[in-house]
Amino acid sequence: MGRYRLAAALAAVYLIWGSTYLAIKHMVTGFPPLVGIGIRFLVAGSILAAVTGRRVTGIGLRQWRSALEVGALLVVGGTGLVAVAEAGGIGSGIAATAAASIPLWTVLIGGAMGSWPTGREWVGIAVGVAGVGLLSFEGDFSANPSAAAVMIAAPVLWALGSVRRPRLDLPPGIAGVAAEMMAGGAVAIVLGLARGERFTGAPSIEAWLALAYLVVFGSIVAFSAYMYLLETVRPALATSYAYVNPIVAMGLGLGLGAESVSGHALAALPLILGGVVIISVRRAGLPTPRRVPARGREAVASA
């Protein structure tokens, strides 16, 4: 039974999180991007808090401020900007490829805050950033420069939120994640309305189904699966979704989304993933700190 549960949990974080990029692409056909993302996380956070019995109403003002900061960076800056970019013409597979650079930016931002990369990590950063640069020549990016700029900014803001989170006073466990989802969702809706996002008509069934999929599977089911992995397997296995999601997303985009990619994207993907591998793999004999998967919880909240 344990092996089947493990296989199901890995399948959830590999396939569900890899498929959320295509689901966002379908969602923005009926929902304004930031408003749609805001609805997704506001609903998901509320359900998560209710189902787990965690009372977010008991969270103090200081912790709500922290949840607001993290939610704004991860939900709005990370996932919200991905939706804006996809609404602007960026393909789901290309978006996932750009998002795979998050660990590179995380190391750079951590360095700017005092924890400078090692020589090996600088090599990984150089390889990965070269991949991002190569990706900028891909058709979707060159044809949609404003959307491309937004898509490049999304993983940077996500990384900033991931680095900031451990430094903030947040509620522990599920309550903190639910608070971040709800606070970030509320900010996304407000900013979406402020930038003029409006419904042009009733969302299609396809858009509603995509939104429901993102709420239930992307934000709740995959989260539970990831928490199970963190508690039962090595961190390296639990966080291995970061290498699989872009491949799944690109495959779904090509097969189901009628998307196309150029040779630039196909060459950029192994470079970006290669850079991530270089900075992630530790020297033999050194243990992996438990705080590493803790950062991965932010990926759950915004997947």
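For clarity, every value in this text was computed on a predicted model and none was experimentally measured. When reading the values below, keep in mind they use all heavy atoms of this one structure, side chains included, and skip hydrogens, waters and symmetry mates.
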Colleague: Quick test of your reading: applying salt bridge (charged side-chain N to carboxylate O under 4.0 Å, His left out), list the pairs with at least one residue in residues 148-164, sequence neighbours left out, ordered by first then second residue.
Modeller: Glu69-Arg164
Colleague: Applying side-chain contact (heavy atoms from CB on, under 4.5 Å) to Leu108 and Trp122, what does each step give before you reach the verdict?
Modeller: CA-CA 9 Å; Leu108 278 176; Trp122 276 118; 3.6 Å; yes
Colleague: Return the CD1 to CG distance between Ile39 and Leu214, rounded to the nearest 0.5 Å.
Modeller: 12.0 Å
Colleague: Quick one: do Leu73 and Trp158 satisfy side-chain contact (heavy atoms from CB on, under 4.5 Å)? Show the steps, please.
Modeller: CA-CA 6 Å; Leu73 288 170; Trp158 177 291; over 6 Å; no
Colleague: If you look only at pairs with a residue in residues 186-207, which of them pass as a ring pair (Phe, Tyr, Trp, His ring centres under 6.0 Å), with sequence neighbours excluded?
Modeller: Phe31-Phe199
Colleague: Can you pull out every ring pair (Phe, Tyr, Trp, His ring centres under 6.0 Å) where at least one residue sits in residues 79-110? Sequence neighbours excluded, please.
Modeller: none
Colleague: Run Val215 and Phe41 through side-chain contact (heavy atoms from CB on, under 4.5 Å) and show every step you take.
Modeller: CA-CA 7 Å; Val215 169; Phe41 282 102; over 6 Å; no
Colleague: Going from CG on Leu160 to CD1 on Ile109, what distance comes out if it is rounded to the nearest 0.5 angstrom?
Modeller: 5.0 Å
Colleague: Which residues, ordered by chain and number, are linked to Ile205 in its hydrophobic cluster, where ILVMFWY side chains connect at heavy-atom gaps below 4.5 Å, directly or through other members?
Modeller: Leu209
Colleague: Can you name the residues that form a side chain to side chain contact (heavy atoms under 4.5 Å, CB included) with Ala210, not counting sequence neighbours?
Modeller: His26, Met27
Colleague: For the pair Lys25 (side chain) and Ile90 (backbone), establish whether a donor and an acceptor sit closer than 3.5 Å, ignoring hydrogens and angles.
Modeller: yes
Colleague: For Ala268, give me all partners under side chain to side chain contact (heavy atoms under 4.5 Å, CB included), at least two apart in sequence or on another chain.
Modeller: Leu134, Leu135
Colleague: Answer yes or no: is there a donor N or O on one side and an acceptor on the other, between the side chain of Arg165 and the main chain of Val70, under 3.5 Å?
Modeller: no
Colleague: Ser66: what forms a side-chain hydrogen bond (donor to acceptor under 3.5 Å, both in side chains) with it, not counting sequence neighbours?
Modeller: none
Colleague: Just to verify, what does Tyr213 make a side chain to side chain contact (heavy atoms under 4.5 Å, CB included) with, not counting sequence neighbours?
Modeller: Ile16, Ser19, Ala23, Phe217
Colleague: Any chance you could lay out the side-chain contact (heavy atoms from CB on, under 4.5 Å) test for Val75 and Val187, step after step, and finish with the verdict?
Modeller: CA-CA 9 Å; Val75 173; Val187 172; over 6 Å; no
Colleague: Measure across Ile125 and Val107 and return the closest heavy-atom pair with its distance rounded to 0.1 Å.
Modeller: CD1-CG1, 3.7 Å
Colleague: Arg195: what forms a salt bridge (Lys or Arg N to Asp or Glu O under 4.0 Å) with it, not counting sequence neighbours?
Modeller: Glu197
